Amino acid sequence: MPKVSEAAAAVPGSGILEIFHMIAGRDGILHLEIGQPDFPTPSHIIEAAATSARAGSGYCDRAGILSLRSVIQEKLARVNGIDVDADQVIITQGGVQGCSAVLSAVVRPGDEVLIPDPGWPNFEMLVRLQGASPVYYSLDPTNDWLPEPTEVESLISNRTALIIMNSPANPTGALFPDPLVDRFIEIAQRHDVTLLSDEVYDELIYDGGKPANAFSRGGEHVVSVYSFSKTYSMTGWRVGYLVAPDWLAPTLSRIQETVVSCISTVTQAAGEAAITGPQDAVTMMSDTYRRRRDRAIEILAAEGFEVPPPAAGFFLMVPLAEGADSKQGALNLIDQGVALSPGTAYSYTATNYLRISLASSDHAIEHGVARVAKWLKATDRGMTTVPAGSIVS
């Protein structure tokens, strides 16, 4: 019998989707497990896509429609302080395919890639699919989930091809301050490796913070990835973009032709409308996530559980007792009618955490987090389980 490649066989499954599929079709579940905005895509974006579809959709430039790349160029200057040519912008099929393109361009089988722990599980999947090995650097929960740069640099070897930095971060909501971003850039430059800066939550930042904007001061060593998914509630539209140095951008464009031919002109029209149209929906969604964050923390605190507020994004990491199994906790919470994703989906070290998605409805936040708080108390912060249906709110 034929066999799949060793690299493909090494790609792990997603602990997030494991929970998602487990509850598919079940009634009475309060959904706090998926980073899927509960807001509709703004109507002017939908109308732009419909107009484009009626006009006819066909092949386009492999790097993306020039008009979209040009408005992204303007957005980067306005929002991120990044000055680039439109030729340095490559439209991708969401942020994940953008990350995949970068790894395809700079990582060889047998190489090593530094990734955060906890971190977005797709990082490990993409690294293993390249036949490379992930090397994990720690994010410290006692230090706002920030890494120690000296540890990061100590992990670099002669096999290191790429460092992945994620700020604002999934799942922690951490926001790297400028000096820390500069340290990552210095490490990449000193060891002559590429730094992939994942900044897809760049417009969901609270309390006066700002995104990494690594490309603006990274020279030839930084490529950044962005997405329309979270900012504009466009997860299913699958539109993202890369910003790359001159030496890398042409290769990324060729990879796009190989893998996707080009991104749909309909969804690119939607992306252009998103950037050039009214931004009030972005402000409203960001304000709502911040309000939900504060309310979730308030509910947990009322039961005696203090959780530091994340600086960005729409996730809240809730600690269990030391040694508690977050996957077992997540399964027990399903029996209480609430779905979260376990820390085991994101980490090999911070496994005693549950991730709450604030991209759910106000009703789910209010009642779901209340159930979580009561469950934490009833189970000694996840050290035991309780009978199905015993936690109500």
Side-chain angles (χ1 to χ4, degrees), residues 12-24 26 29-36 115-125 134 136-145 147 166 169-174 293 296-297 299-301 303-310 313-360 364-365 368-388 390-391 393:
S14 168
I16 309 171
L17 293 182
E18 183 180 0
I19 297 294
F20 181 77
H21 293 314
M22 189 176 297
I23 61 177
R26 290 183 56 169
I29 299 289
L30 297 171
H31 292 274
L32 302 175
E33 79 282 7
I34 293 291
Q36 167 99 338
I115 63 176
D117 181 2
W120 184 43
N122 292 54
F123 290 146
E124 178 183 352
M125 296 178 192
Y136 308 94
Y137 63 87
S138 301
L139 305 182
D140 183 358
T142 67
N143 186 33
D144 297 325
W145 294 105
N166 179 203
N170 175 10
T172 66
R293 176 199 68 174
I297 290 172
I299 294 169
L300 290 164
E303 294 289 347
F305 303 103
E306 300 295 330
V307 178
F314 44 52
F315 301 117
L316 186 66
M317 293 290 278
V318 178
L320 304 180
E322 192 69 33
D325 183 344
S326 61
K327 183 174 181 180
Q328 182 58 49
L331 295 175
N332 192 215
L333 278 162
I334 290 175
D335 291 335
Q336 315 309 319
V338 58
L340 294 80
S341 54
T344 52
Y346 310 94
S347 178
Y348 289 97
T349 56
T351 56
N352 60 317
Y353 282 80
L354 294 168
R355 190 194 76 170
I356 291 175
S357 172
L358 305 171
S360 305
I365 296 293
V369 176
R371 292 184 193 181
V372 172
K374 291 180 179 180
W375 178 87
L376 287 168
K377 181 170 286 189
T379 63
D380 190 22
R381 293 170 55 211
M383 292 303 290
T384 62
T385 60
V386 292
S390 60
I391 304 295
S393 61

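Treat the numbers as computed from the prediction; the structure is a model and nothing was measured.
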Peer 1: Side chain to side chain contact (heavy atoms under 4.5 Å, CB included) for Asp144 and Thr172? Distances and angles first, verdict last.
Peer 2: CA-CA 9 Å; Asp144 297 325; Thr172 66; over 6 Å; no

Peer 1: To the nearest 0.5 Å, how far apart are CD1 in Ile356 and CD1 in Ile365?
Peer 2: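 If I round to the nearest 0.5 Å, the distance is 7.0 Å.
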
Peer 1: Please report the shortest heavy-atom distance between Ala339 and Ile23, naming the atom on each side.
Peer 2: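 Answer, listing the atom of Ala339 first, then Ile23: CB-CD1, 3.5 Å.
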
Peer 1: Give, for atom OH of Tyr353 and atom CG of Leu340, the distance between the pair rounded to the nearest 0.5 Å.
Peer 2: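 Interatomic distance, Tyr353 OH to Leu340 CG, rounded to 0.5 Å: 15.0 Å.
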
Peer 1: Are any of the side-chain heavy atoms of Leu376 and Val318 separated by less than 4.5 Å?
Peer 2: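 They are in contact (side-chain heavy atoms under 4.5 Å apart), so the answer is yes.
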
Peer 1: Under 4.5 Å between any side-chain heavy atoms of Asn352 and Glu322, yes or no?
Peer 2: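 Yes, close enough: below the 4.5 Å cut-off.
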
Peer 1: Could you work out, with ring pair (Phe, Tyr, Trp, His ring centres under 6.0 Å) as the rule, every residue matching Tyr346, not counting sequence neighbours?
Peer 2: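 Tyr346: no ring pair (Phe, Tyr, Trp, His ring centres under 6.0 Å) contacts found.
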
Peer 1: Could you check if a side-chain atom of Tyr137 sits within less than 4.5 angstrom of a side-chain atom of Asp117, using non-hydrogen atoms only?
Peer 2: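 No; the side chains remain at least 4.5 Å from each other.
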
Peer 1: Does the side chain of Leu300 reach to within under 4.5 Å of the side chain of Glu306, using non-hydrogen atoms?
Peer 2: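 The answer is no, as the side chains (C-beta and beyond) never meet within the 4.5 Å cut-off.
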
Peer 1: Look up atom CG in Asp325 and atom OG1 in Thr385, then write down how far apart they are to the nearest 0.5 Å.
Peer 2: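 Asp325 atom CG to Thr385 atom OG1 measures 11.0 Å (nearest 0.5 Å).
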
Peer 1: For the residue pair Ala378 and Val386, what are the closest heavy atoms and their distance?
Peer 2: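 Ala378 and Val386 have their closest heavy atoms at CB-CG1, 3.9 Å.
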
Peer 1: For a quick test of reading the model, state the closest non-hydrogen atom pair linking Lys377 to Phe305 and the distance between them.
Peer 2: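 Scanning both residues completely, I find the closest heavy atoms to be N-CZ, 3.5 Å.
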
Peer 1: Say you draw a straight line from CG of Leu320 to OG1 of Thr379; how long is it, rounded to the nearest 0.5 Å?
Peer 2: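 Interatomic distance, Leu320 CG to Thr379 OG1, rounded to 0.5 Å: 7.5 Å.
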
Peer 1: Does Gln336 reach the side chain of Lys374, with side-chain heavy atoms less than 4.5 Å apart?
Peer 2: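 No, their side chains stay 4.5 Å or more apart.
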
Peer 1: Whether the side chain of Ser360 engages the backbone of His31 through a donor-acceptor N/O pair (distance < 3.5 Å, no angle test) should be reported.
Peer 2: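 Here the side-chain-to-backbone pair exists.
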
Peer 1: Which heavy atom of Ala296 sits nearest a heavy atom of Leu316, and at what distance?
Peer 2: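 Taking every non-hydrogen atom into account, CB-CD2, 3.8 Å.
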
Peer 1: To the closest 0.5 Å, what do you measure between OG (Ser138) and CH2 (Trp145)?
Peer 2: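 If we round to the nearest 0.5 Å, Ser138:OG and Trp145:CH2 are 10.5 Å apart.
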
Peer 1: Is there a side-chain contact between Pro147 and Asp140 in this structure, where contact means two heavy atoms from C-beta onward sitting under 4.5 Å apart?
Peer 2: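 Heavy-atom side-chain distance check fails, nothing below 4.5 Å.
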
Peer 1: How many angstroms lie between atom CE of Met383 and atom CD of Gln328, to the nearest 0.5 angstrom?
Peer 2: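 If I round to the nearest 0.5 Å, the distance is 12.0 Å.
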
Peer 1: Test your reading of the model: is there a side-chain donor-acceptor pair from Ser347 to the backbone of Thr349, 3.5 Å cut-off?
Peer 2: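 Yes; judged by distance alone, with no hydrogens or angles, the pair exists.
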
Peer 1: Leu139 and Pro116: which non-hydrogen atoms are nearest, and at how many Å?
Peer 2: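 Leu139 and Pro116 have their closest heavy atoms at CD1-CB, 3.9 Å.
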
Peer 1: Between the side chains of Arg355 and Asn170, is a donor N or O closer than 3.5 angstrom to an acceptor N or O?
Peer 2: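 A pair is found: one side chain offers a donor N or O, the other an acceptor, under 3.5 Å apart.
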
Peer 1: Taking atom types as modelled and ignoring hydrogens, do the side chains of Asn332 and Trp375 form a donor-acceptor contact shorter than 3.5 angstrom?
Peer 2: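 Yes, because at least one side-chain N or O of Asn332 sits under 3.5 Å from a partner of the opposite role on Trp375.
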
Peer 1: Does the Ser326 side chain pair with the main chain of Gly343, one donor and one acceptor, at a distance under 3.5 Å?
Peer 2: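 At least one qualifying donor-acceptor pair exists.
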
Peer 1: Under the side chain to side chain contact (heavy atoms under 4.5 Å, CB included) criterion, do Trp120 and Met125 qualify, and how do the steps go?
Peer 2: CA-CA 10 Å; Trp120 184 43; Met125 296 178 192; over 6 Å; no

Peer 1: Any idea which heavy atoms bring Gly35 and Phe314 closest together, and the distance?
Peer 2: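 Looking at all heavy atoms of both residues, the closest pair is CA-CE1, 3.6 Å.
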
Peer 1: Please confirm whether the backbone N or O of Pro310 pairs with a side-chain atom of Arg293, one donor and one acceptor, at under 3.5 Å?
Peer 2: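 Checked: pair present.
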
Peer 1: I'd like to know if the side chain of Arg371 reaches the main chain of Gly337, judged simply by a donor and an acceptor atom lying under 3.5 Å from each other, with no hydrogens or angles considered.
Peer 2: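 Yes; at least one donor-acceptor contact below 3.5 Å.
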
Peer 1: Do the side chain of Ser390 and the main chain of Pro387 share a donor and acceptor less than 3.5 angstrom apart?
Peer 2: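 Between the backbone of Pro387 and the side chain of Ser390 there is a qualifying donor-acceptor contact (under 3.5 Å).
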
